[in-house]
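Heads up, the thing below is written out as structure tokens.
Every value quoted in this text rests on a predicted model; they were computed, and no experiment measured them.
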Amino acid sequence: TRQPFPTADGHIAVVPYTPASTARLMGLLGSDALLTSPDFEAAKMCGQHMALVSGEIARKTPARTTAEWLEIFAANDIPAIRAEVAGKRP
């Protein structure tokens with residue numbers, strides 16, 4: 001479920017490729033508890049956990065601008081880029 005996520009002023013693409021980067025990302029979003037929740041554990045068992053991660057990213061990224069998130073993610077080794085969504089330019 002790779003998709004651009006909304007920010008306060010546009011969109012961002014964030015791709016946590018590894019369990020370690022996913023854990024760092026959830027920490028940066030203030031969502032550490034998601035990774036130990038029963039729903040996450042159950043979804044992980046059947047390979048569906050990234051949908052929960054993506055939903056959490058989409059829920060949290062509107063709180064900051066794209067530039068703010070890019071700075072935070074770069075400082076924490078989380079792959080991310082500014083994204084343009086068709087019909088929606090910053």
Side-chain angles (χ1 to χ4, degrees):
T1 59
R2 304 290 186 224
Q3 71 221 21
F5 300 101
T7 64
D9 63 351
H11 290 82
I12 192 167
V14 183
V15 186
Y17 284 111
T18 66
S21 64
T22 300
R24 278 195 315 279
L25 175 58
M26 290 298 104
L28 293 169
L29 296 174
S31 301
D32 305 82
L34 174 70
L35 300 179
T36 57
S37 72
D39 288 343
F40 183 82
E41 290 300 322
K44 190 173 181 180
M45 294 295 288
C46 58
Q48 301 299 314
H49 59 290
M50 288 310 293
L52 292 175
V53 170
S54 292
E56 190 66 6
I57 297 168
R59 194 170 75 78
K60 297 290 185 116
T61 52
R64 296 180 187 262
T65 67
T66 301
E68 289 171 321
W69 283 123
L70 289 173
E71 183 177 332
I72 291 166
F73 295 151
N76 289 278
D77 198 28
I78 304 293
I81 61 169
R82 178 181 306 275
E84 289 189 22
V85 175
K88 296 182 180 183
R89 296 193 138 209

Considering non-hydrogen atoms only, spot the tightest contact between L25 and P16 and give its length. CD2-CG, 3.7 Å
Any donor and acceptor pair, going by atom type alone, linking the side chain of S31 with main-chain N or O of L34 inside 3.5 Å? no
Let me check something: any side-chain donor-acceptor pairs from residues 69-81 under 3.5 Å, sequence neighbours excluded? List them with distances.
{"residue": "W69", "atom": "NE1", "partner": "T61", "partner atom": "O", "Å": "2.7"}
{"residue": "N76", "atom": "ND2", "partner": "I72", "partner atom": "O", "Å": "2.8"}

d(L28 CG, K60 NZ) to nearest 0.5 Å is 11.0 Å
Calculate, to the nearest 0.5 Å, the distance between atoms OG1 and CG belonging to T66 and D9 respectively. 4.0 Å
For P62 versus A58, what's the shortest heavy-atom pair and its separation? CD-O, 3.2 Å
Restricting to non-hydrogen atoms, name the atom on T7 and the atom on H11 that form the minimum distance, rounded to 0.1 Å. OG1-N, 3.7 Å
Hey, could you give me the CG/OG1 distance between L52 and T22, rounded to the nearest 0.5 Å? 12.0 Å
Do M26 and E56 have side chains that get closer than 4.5 Å, going by heavy atoms? yes
Restricting to non-hydrogen atoms, name the atom on A83 and the atom on A13 that form the minimum distance, rounded to 0.1 Å. CB-N, 4.0 Å
Taking C-beta and beyond as the side chain, do S54 and F5 meet within less than 4.5 Å on heavy atoms? yes
